[in-house]
Structures are given as structure tokens and as C-alpha cells.
Amino acid sequence: MRDCDVGIIGAGPSGATAAYHCANSGLDTLFVDKSQFPRFKECGGGLSERAMSYLDFPVDDELIEQDIYGARLRFGDEEVEVLKSYRVAGLVTRSKFDCFLVQQAISAGAKFLEGEKVTDLRRSGEYVDITTNKAHIRAKLVIGADGSQGITSRYVRNQLKRNEYAIGLVTEIPTDNEDIDKYIFNTIEIHFGITNMGYGWVFPHEGYFNVGIAGIADALRNPKKILTNFIRERGFHGQYRFRAHRIPMGGVRKKKVADRIILVGDAAGFVDSFLGEGIAYAILSGKIAARVCHNALQNNQGWREDSLSIYNEECYKQFERDLKCSLMLAKLVHRFPKFFSQLMASDESVLGRYLDIPANKLTYREYLRWLKRKVPGFLIQRAMKSI
Ligand SMILES: Cc1cc2nc3c(=O)[nH]c(=O)nc-3n(C[C@H](O)[C@H](O)[C@H](O)COP(=O)(O)OP(=O)(O)OC[C@H]3O[C@@H](n4cnc5c(N)ncnc54)[C@H](O)[C@@H]3O)c2cc1C
């Protein structure tokens, strides 16, 4: 049996960031992951400037495999490409990036248990008993950072319905860097119109393309076939291994705290519903949760759900309102594809200004306020009704 102040389940970006901040604030911190690191994570590896700005330390240069300045967007027959004069994002390989974050947390003093799967949580007296396949841990507070398919959320809220998450299917296509640069350089490629509430993508990494599709689960029929066709249409002809994972649709308000438990990152549902970006919100929510835990442990009753609910308010203020806007934009664009494909093709500023969101120069709320001038009010009202 090991005792700690905070037990963190999951060591992805949300868990490692929470561990870093908990340990830095002097809490006895233990974080545990079922995988041995480095481990594969289904992801495009798009690390926005916004995400980087939420970290307290710079990302090692060698982790950034490609600087991204813009996007090439296909929507039906229309295509538009916009390059900014400043970096919008970097592309990372998640196995390496996640190890880097874990290392930061360990250096800050957090203890890491890897290759241990959490199987059960039980609240008893002043602790939560965390059972793993190897040990028992007693934590005064638990941060659930075990992603969209983890178990901690079960102790806080009902499971998501199939219209509340997307399925992402991804593969890596090994290619020479020269061929990658010929295909696409400093840009990502995004194809709308191939799935409902999602898209297909080609991201150029170091020595491979990351290619994938995502779409809302209850409308996604035969994702393997969709990805296979997408890959062939992009001119790749090998046999590739596909990996699938759930992506929660952010912007739908869900319960995120219970007595002694706080959910962060994908476990809390913090993903941009339009772009599928989750790393930024995983990092930021991990940071907020650590602060809430630190304050809660100063106070006798701080572990109670009503005290921890300050976390909901902080998240809402700092980014959840924006996730709601991302959901609204997703509904607008996917409900009226013809209108938006034509708008994007005829007015480059629609994509140009959008890129300022990951570039951390504009919020979703500001973008939608600006976009409203270009979109008939009745379309917005119809999209709003379905949220
Ligand atoms: C196909 C796809 C493409 C994506 N592309 C992007 C992108 O380009 N950019 C972007 O910003 N976001 C992207 N996302 C979203 C992004 O991957 C997530 O939002 C992000 O990883 C969330 O971080 P997290 O730490 O909350 O969860 P995760 O990164 O999922 O980490 C959860 C950790 O918990 C561990 N775990 C789970 N269950 C247990 C258990 N029972 N016991 C112990 N450990 C457990 C897992 O092993 C894992 O390491 C993509 C997602 C998918 C599926």
C-alpha cells in the first residue's frame, strides 16, 4: 500500500501536466499509467501554439518534426490553401512528446508507476483506494487523466452516448523526407465532407505521413473502408496498420468532479469539436486541476464535490466556453456543407482567421463573432438549435 496526497490515473498530456504542477506545489504526487513508456498514442500529433503556450517550459526543438504555418483545405470540389507568416503549430510524435512531459513531471518530484493498470476506485474515510493490477494506492484526491476510454469517469458521470464522441482512425505511412516535402511542406492537409462531424487529414512528420479520419460515432459506418479509400485517393498504395480511438465532443457540459475525484483532458471531454484538438485542453485542465487539488488539501472539507466544483468554473472561464463555440462551428459547417465550402473557397480570410485560433491569437468566441457577419442568421439559429 502506498499513500500520497494526489493519485493521478493516466500519464498522457493531462496526467503528466497535472503531476508536474502537483509535485511543483509540494504535494506528494503519484501518477500511474497502464502502458510502459514510450507508448503509441492514436493522434495526428498536431501541437498548436496555443497548446505550447499552456506549458510552463519550452518544448525541446528536436521534438518538433515540422513547423506548420498553414493549412490546405479541401471541401468537396473546392480547395483553399492559406499560409500565415507565423507558426500555427508544430507536429510531434506522441510517443516522444508524452515521454518528454512525463520526464518533466518526474523531475518536479512526482513518482511514476508505469505498466500498472487501474482496475478499481473506492472511497473510504479520508482516502480513495486505487487498485491496480500490481498494487494498492491510497490517495487523498484522485485526478482522472485516463483518456476517453479510461475508467475514472465512471465514478463521476454516466458514459458518453454515441452522439457525444467521435471515432478517430489513424495510420502512419513511412516515406522519405524528400517525398514528404514534395507532397506538402509546413502545411497540413484537411478534407471535409468525407465523414459526418469530422474530416480526413494528412500530416507530414519526420519520415512518415500521419493519415487519418474521424467522424461522429453514431453516423460513422465502416471507418476502415473510408480510411482505405482516403489513403488510395491520396496516392498511397501499401498495406498499413489502422489504430482507432474515441475522441469526445467538447462543448457538451458534463459532470467533471465528484467527492475526492477530478476529471481532466479527454476523460473530462475537453476536445475541440471542430478540429479535434485535445492536447491544449488536456494540458490546461491538468494545470487547473493541480491548483484546485493544492487548495483543496489546505482545507478540511476541500475534498467534497461542492468545494472541488470551483474546477468547473475555472475550466468554463478559461476554455470551455470556447469548446462550446467549436461545437457550434462544427454543427454549422457540417450541417450546411455547400454554403461553407463555397464561403471558404471564395473568401480566404475564413480559413486565414480560423488558423489564428490554434496560433493562439484569437479565441473561438472572437472568431464566431467575426464569422457571424458572413453567415445568414437563420443558418446559425438552426445550427444552435441542435446543440
Ligand atoms: C485519431 C486521433 C487524432 C488526434 N489528433 C490530435 C491532434 O493532432 N492534436 C491534438 O491536439 N489532439 C489530437 N487528438 C486528441 C488527443 O489525442 C487527446 O485529446 C489527448 O491525447 C488527451 O490527452 P489525455 O492526457 O487526456 O489522454 P490520453 O493522451 O489518452 O492519455 C490517457 C492515458 O491514460 C492511460 N490509461 C487509460 N486507462 C488506464 C487505466 N485503467 N489505468 C492506468 N492508465 C490508464 C493510457 O495508457 C494513456 O496513456 C487526436 C485524437 C485521436 C483519437
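Note that ligands are numbered from 1 as they come in the structure, with each ligand's atoms numbered from 1 the same way.
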Looking only at protein heavy atoms, which one is nearest to [atom], and what is the separation?
atom                    : result
atom 42 (N) of ligand 1 : V118 N, 2.9 Å
atom 5 (N) of ligand 1  : G44 N, 2.9 Å
atom 31 (O) of ligand 1 : G12 CA, 3.6 Å
atom 6 (C) of ligand 1  : C43 SG, 3.3 Å
atom 37 (C) of ligand 1 : D146 O, 3.3 Å
atom 45 (C) of ligand 1 : K34 CG, 3.8 Å
atom 8 (O) of ligand 1  : G46 N, 2.9 Å
atom 49 (O) of ligand 1 : D33 OD2, 2.6 Å

* Proximity to ligand 1 by part of A214, non-hydrogen separation under 4.0 Å -> neither

Regarding [X] and [Y], do their side chains bring together a donor and an acceptor under 3.5 Å, going by distance alone?
X    : Y    : result
S48  : E277 : yes
D120 : Y155 : yes
D272 : Y364 : yes
Y316 : D322 : no
N186 : Q66  : yes
T93  : E206 : no
S85  : Y69  : no

* Under a single-linkage rule joining Ile, Leu, Val, Met, Phe, Trp and Tyr whose side-chain heavy atoms are separated by less than 4.5 Å, which residues share a cluster with I247? -> V271

* Should side-chain heavy atoms under 4.5 Å link Ile, Leu, Val, Met, Phe, Trp and Tyr, which residues sit in the same cluster as Y165? -> L160, I167, L169, I173, I180, Y183, I184, I194, V202, F209, V211, I213, L220, I226, L227, F230, I231, F236, Y240, F242

Taking only heavy atoms of [X] into account, list the atoms of ligand 1 that are under 4.0 Å away from them.
X    : value
H245 : 53 (C)
F203 : 8 (O)
G265 : 26 (O)
A145 : 32 (C), 33 (C), 34 (O)
G10  : 33 (C), 34 (O), 35 (C)
K117 : 41 (N), 42 (N)
E116 : 43 (C)
E277 : 10 (C), 11 (O), 12 (N)

* Asked: Parallel under 30°, tilted from 30 to 60°, perpendicular over 60°: which one fits the rings of F75 and F192?
  -> tilted

Hey, does [X] come in under 3.5 Å of ligand 1, counting only N/O atoms on both sides?
X    : value
I279 : yes
S14  : yes
G168 : no
R39  : yes
A282 : no
R94  : yes
D98  : no
W201 : no
D266 : yes
F37  : no

Measure the distances from the heavy atoms of [X] to every atom of ligand 1 and state whether one is below 4.0 angstrom.
X    : result
S35  : yes
G45  : yes
Y281 : no

Would you kindly check if the NZ (Lys) or CZ (Arg) of [X] is within the cone defined by 45 degrees around the ring axis of [Y] and under 6.0 Å from the six-membered ring centre?
X    : Y    : answer
R243 : F40  : yes
K256 : F270 : no
R50  : F319 : no

* To do: Taking the side chain as every heavy atom from C-beta outward, state whether E78 and M344 have any atom pair closer than 4.5 Å.
  => no

* **Note, R369 side chain near K372 side chain (heavy atom, < 4.5 Å)** => no

* Charged N to carboxylate O under 4.0 angstrom, K34 versus D146? -> no

* Are F274 and Y354 close enough that their ring centers fall under 6.0 Å? -> yes

